[in-house]
2 protein chains.
Amino acid sequence: MSISVLITDDHPVVRAGIRALLTNEPDMDVVGEASDGAEGVAMQQEFDPDVVLMDLRMPGMGGIAAIREIRAAHPDRRIVVLTTYDGDADIHRALDAGACGYLLKDTLGREVVNAVRNAAGGRKVIPSPVAGRLAEYTPRVDLTPRELEVLAYAAKGLRNKDIARVIGRTEETVKVHLKHIMSKLDAADRTEAVTIALQRGIIHIDD
Amino acid sequence: MSISVLITDDHPVVRAGIRALLTNEPDMDVVGEASDGAEGVAMQQEFDPDVVLMDLRMPGMGGIAAIREIRAAHPDRRIVVLTTYDGDADIHRALDAGACGYLLKDTLGREVVNAVRNAAGGRKVIPSPVAGRLAEYTPRVDLTPRELEVLAYAAKGLRNKDIARVIGRTEETVKVHLKHIMSKLDAADRTEAVTIALQRGIIHIDD
DNA sequence: CTCGCAATACCTCATTGGAGGTAGCACGAC
DNA sequence: GTCGTGCTACCTCCAATGAGGTATTGCGAG
């Protein structure tokens, strides 16, 4: 029996590439293509695929939220992330949300196929370059919601005083949050904290 | 006679997608795939394609440098950029380097095909979402080499004093550069200057 | 029930950062 | 030759930032 796969990616070119790779395999069957998270959730309900290939950062509902929704309804669904983003925060969030694999788009075609097959077989798929990021000296960093909020405003160039105003707190509180942020990210100042956070996928430019 | 196309992209999945899209067209022929800029330059020498589809930001030689090299040797070569990055600085640099088209990866498959055909026919290919960025209120910003250098260091969290030390200048000079940078980018402070520059493709995180 | 932690707020202090102005020098464009 | 511009450097001044510290509240885990 063949492995049914649902592709979820907002780039038509990428979808075409994955489809081309998988349809060459006699034991695989692409049952649908979704272009964002919400569509992905709906289509996996409809087609009940063995494996969902999922991009992160799509317009509308992103991949992480989609993974959570799918896993909530179908805890046994196999979801493999296929994305260009290699920030360790993204990897952690995806796996925490319930993904069973994480591939980067510079993965060779053959390896994508193998990953789908392994995922369908119930195995975890974490290639060594990705696994490296998980283990690396970057010890798992969790910013609190408040800290994320403050950091996002700092990235937009707001001064502590202005951040305090928009979140309805005192400037001193904002300073403490930023101090914790810089400490957690091992940043010398707010500017480096922002670049580190962007690099590791902790915040995004389009907030 | 069919249109010969060279694909240059570091993502195997994307290459497969483009190949799948173009080989469906009877008048198109994918003559090769390169995975970085240097390979792209070499392969277009070898295969003399009508159109080169070029990604930006590849490991080793990037797309911009590759476009410059190709155009220097073959001013009539048609080069179409196909990338995920929509910062206006990237678009400007690519067109300045000699690209005759600029597509984003969220372009529909059919439009990619049309773009290749138009490029081969000698027409410029700037879809409206991209053209929008060119015209947009973002009036072309050019940072000087020194300013780019200073901004990159600022992004890494160096203080003005430290930036001054590594570039062998006084702190006051660094301040002036940063002042000009913030003025050009319309940023409230160095932190916003960094995020704006990252967003618009003026600097990259992996400097 | 405690313990830990997030979030809040206050304090002091030294350093940094950014606004404003002026000005010399080198180089390329016109 | 002159103009514009990039790069350099100096000056002053005040606001903002970051490093220390302490402490209260509330909440969830154990």
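Just so we're on the same page: letters track the sequence lines, and every chain starts at 1.
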Just how far, in rounded Å, is [atom2] of [N] from [atom1] of [X]?
X	N	atom1	atom2	result
A:Leu178	D:dG20	CG	P	16 Å
B:Glu147	D:dG6	CD	C1'	8 Å
B:Asp189	D:dT17	CG	C1'	11 Å
B:His180	C:dG21	NE2	P	12 Å
A:Lys161	D:dG18	NZ	C1'	16 Å
B:His177	D:dC10	NE2	P	13 Å
A:Arg146	D:dG26	CZ	P	16 Å
A:Lys179	C:dA14	NZ	C1'	14 Å

For this session: Under 4.0 Å between any heavy atoms, over every strand shown, what does B:Thr173 touch: base, sugar-phosphate, or nothing? Just pick one.
Result: base
Mind checking B:Lys175 for me? I need base, sugar-phosphate or nothing, with any heavy atom below 4.0 Å counting as a touch.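 Base contact.
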Between [X] and [Y], is any side-chain donor less than 3.5 angstrom from a side-chain acceptor?
X	Y	result
A:Thr107	A:Glu111	no
A:Asp10	A:Ser35	no
B:Thr83	B:Asp55	yes

I want to verify a distance call: between [options], whose nearest atom is closest to the [X] side chain?
X	options	result
B:Glu172	D:dA19, D:dT17, D:dC11	D:dC11
B:Thr170	D:dC7, D:dA9, C:dA6	D:dA9
B:Val176	D:dA15, C:dA6, D:dT8	D:dT8
A:Thr144	D:dT8, C:dA7, C:dT15	C:dA7

Would you say a side-chain N or O of [X] is under 4.0 Å from OP1 or OP2 of [N]?
X	N	answer
A:Arg159	C:dG17	no
B:Arg169	D:dT8	yes
A:Asn160	D:dA16	no

Can you tell me if B:Asp186 has over 12 outside heavy atoms packed within less than 6.0 Å of its CG?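 Counting other residues, nucleotides and ligands, CG of B:Asp186 stays at 12 neighbours or fewer.
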Ion pair check, B:Glu33 and B:Arg19, cut-off under 4.0 Å: yes
